[in-house]
Amino acid sequence: MNTAGRNAGLWDFWFDVVRNLFGWFRSVGQEFRTRRGRFLVTALPMLWLGLFFLVPFLIVLKISFAQAVFGQAPPYTALVEHAADGAASLRLHTSNYAMLLSDPLYVAAYLKSLLFASVSTLFCLLLGYPIAYGIARASPVKRLVLLVLVILPFWTSSLLRTYALIGILKANGLLAQALSAVGLAGPDFALLHSDTAVYIGIVYNYLPFMILPLTATLMRLDFTLLEAAEDLGAKPWQAFARVTLPLSMPGIIAGALLVFIPAVGEFVIPDILGGPDALTIGRVLWIEFFTNRDWPLAAAVTIAMLVLIVLPTLVFEYFENRRNEREAEA
């Protein structure tokens with residue numbers, strides 16, 4: 001009887017724990033529906049972004065207006081200088097930004113980075129759209145397997161995957177041997193240390209970032225619309241151009257941004273697979289910060305890169321939201 005009573009008491013205890021836990025979740029859900037709860041939901045992410053993005057950005061912005069001073073730590077001048085009489089003076093140096101515009105090296109590095117990112121994003125879209133469409137049209141079991149295969153490369157380091165491409169793209173590598181076997185290349189054929197190798201590396205590493213948002217968008221697509229378009233006499237390519245492509249545009253935009261933005265500042269892939277002409281802005285940052293120890297110039301390069309990426313993105317988002325509002329009103 002004592003054992004049965006203890007078991008009954010134990011079950012009652014855990015039942016009360018689970019019931020109180022669900023009651024707590026219910027009260028938290030009700031709290032989030034209030035004005036204070038909505039404020040907390042938005043305030044916590046904004047606090048995180050402010051602490052780990054805005055504060056470092058302001059520090060880098062401050063360094064960009066300093067001058068490099070070698071042989072001291074930190075290797076740059078202070079913006080606020082205090083005189084012996086207690087007076088403080090603010091000194092902002094814009095020579096770092098002027099050098100970015102006057103030196104063709106930095107302009108060429110920016111243009112090269114934009115070229116690598118743009119072309120790679122286009123190839124990711126051309127390769128990723130059919131894959132995402134096939135995943136979206138597959139059965140639930142096959143869709144799960146295909147999504148796992150897409151995510152599988154993330155389980156290994158991108159650095160290891162990039163180094164693995166060396167064995168494929170180098171002279172007498174796997175690609176050269178395969179092309180030589182079918183008579184399409186000579187024994188000295190190699191893609192390593194070329195712009196083509198950089199494109200292959202970026203597309204290989206960033207292709208899942210294009211596939212996943214496209215798949216999520218296409219899975220929500222009502223495919224009966226394609227049947228209706230076919231019944232109305234539309235050819236398959238017309239149904240795709242007028243129905244599937246416009247409805248999948250949010251996924252295309254999301255995937256393009258996920259690929260383009262990090263590809264602009266990519267350093268590892270151009271440094272490992274690219275040649276001497278593959279001087280991207282990421283490599284310039286590495287050289288100025290770690291080799292030349294010119295922190296103010298490296299900070300100016302960072303700020304300029306951020307402005308070149310963020311401002312067009314914000315302008316695009318603004319006009320996209322305005323277009324969506326006009327369509328909703330119509």
Side-chain angles (χ1 to χ4, degrees), residues 106-135 149-170 173-175 190-218 245 248-286 301-302 304-317:
Y106 300 102
V107 177
Y110 275 113
L111 295 178
K112 196 71 172 183
S113 298
L114 293 175
L115 179 62
F116 279 142
S118 303
V119 175
S120 301
T121 301
L122 178 60
F123 276 100
C124 283
L125 178 60
L126 295 177
L127 294 174
Y129 200 101
I131 298 174
Y133 189 84
I135 295 175
L149 293 177
V150 172
I151 301 173
L152 194 61
F154 288 140
W155 296 1
T156 58
S157 172
S158 61
L159 182 61
L160 294 177
R161 287 184 274 124
T162 303
Y163 271 112
L165 288 175
I166 296 178
I168 299 175
L169 302 177
K170 68 179 182 179
L174 295 178
L175 181 61
L191 289 177
L192 190 62
H193 298 154
S194 64
D195 290 353
T196 304
V198 177
Y199 291 128
I200 294 174
I202 295 177
V203 171
Y204 170 64
N205 281 278
Y206 288 98
L207 185 59
F209 292 104
M210 179 67 73
I211 295 175
L212 294 177
L214 273 174
T215 303
T217 302
L218 291 172
L245 188 61
S248 62
M249 194 58 65
I252 294 176
I253 295 173
L257 292 177
L258 288 175
V259 174
F260 180 82
I261 292 176
V264 171
E266 182 62 48
F267 161 72
V268 174
I269 297 174
D271 187 63
I272 295 176
L273 302 179
D277 294 334
L279 184 61
T280 60
I281 202 63
R283 297 179 70 177
V284 170
L285 280 173
W286 176 273
V301 172
T302 304
M305 182 178 65
L306 187 64
V307 170
L308 288 177
I309 295 175
V310 172
L311 286 184
T313 304
L314 293 178
V315 172
F316 174 79
E317 288 291 333

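Because only heavy atoms are used, hydrogens play no part in the values below, and waters and symmetry mates are left out as well, while side chains stay in.
Evaluation of the side-chain hydrogen bond (donor to acceptor under 3.5 Å, both in side chains) test over residues 116-133, restricted to residues two or more places apart or in two chains, returns Y129-S248, Y133-R137. Sorted by first and then second residue, the side-chain hydrogen bond (donor to acceptor under 3.5 Å, both in side chains) pairs involving residues 250-267 (not counting sequence neighbours) are Y206-E266.
In this structure, CG on L122 lies 4.5 Å from CG on L126, to the nearest 0.5 angstrom. Interatomic distance, CG of L115 versus OG1 of T280, reported as 11.5 Å (0.5 Å rounding). Taken from CG in L175 to CD1 in I168, the straight-line distance is 8.0 Å, to the nearest 0.5 Å. Between atom CD1 of residue I131 and atom CD1 of residue I211 there is a gap of 4.0 Å, rounded to the nearest 0.5 Å. The distance from the CD1 atom of I281 to the CE atom of M305 is 7.0 Å, given to the nearest 0.5 Å.
Between L125 and L214, some side-chain heavy-atom pair lies under the 4.5 Å cut-off. Contact check for Y110 versus V301: side-chain heavy atoms found under the 4.5 Å cut-off. Contact annotation: the side chain of L273 never approaches that of I200 to less than 4.5 Å [non-hydrogen atoms, C-beta and beyond].
Summarising the geometry of L279 relative to K112, their closest heavy-atom pair is O-CB, 3.8 Å, with the distance given to 0.1 Å. Looking at every heavy atom in both residues, S158 comes nearest to T162 through O-OG1, 2.7 Å. When all heavy atoms of A263 and I202 are compared, the closest pair comes out as CB-CG2, 4.1 Å. Nearest heavy atom pair, residue V150 against residue P153, reads O-CD, 3.1 Å. Summarising the geometry of Y204 relative to L165, their closest heavy-atom pair is CD2-CD1, 3.9 Å, with the distance given to 0.1 Å. Minimum heavy-atom separation, S113 to V264: CB-O, 3.4 Å.
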Legend entry - Verdict with supporting geometry, L245 and I252, side-chain contact (heavy atoms from CB on, under 4.5 Å): CA-CA 9 Å; L245 188 61; I252 294 176; 3.7 Å; yes
Legend entry - Derivation and outcome, side-chain contact (heavy atoms from CB on, under 4.5 Å), residues L114 and F260: CA-CA 9 Å; L114 293 175; F260 180 82; 3.9 Å; yes
Inset, instruction - Kindly determine whether L258 and M210 satisfy side-chain contact (heavy atoms from CB on, under 4.5 Å), including the steps that lead there. - result: CA-CA 7 Å; L258 288 175; M210 179 67 73; over 6 Å; no
Inset, instruction - Starting from the C-alpha separation in whole Å, work towards a yes-or-no answer on side-chain contact (heavy atoms from CB on, under 4.5 Å) for I151 and L212. - result: CA-CA 9 Å; I151 301 173; L212 294 177; 4.3 Å; yes
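Between the Y199 side chain and the F116 main chain, no donor and acceptor come within less than 3.5 Å of each other. Judged by distance alone, with hydrogens and angles left aside, the side-chain atoms of R283 form a donor-acceptor pair with the main-chain N or O of A278 at under 3.5 Å. Between the side chain of D271 and the main chain of F267, no donor-acceptor pair closer than 3.5 Å is present.
With sequence neighbours left out, Y163 forms a ring pair (Phe, Tyr, Trp, His ring centres under 6.0 Å) with no residue at all.
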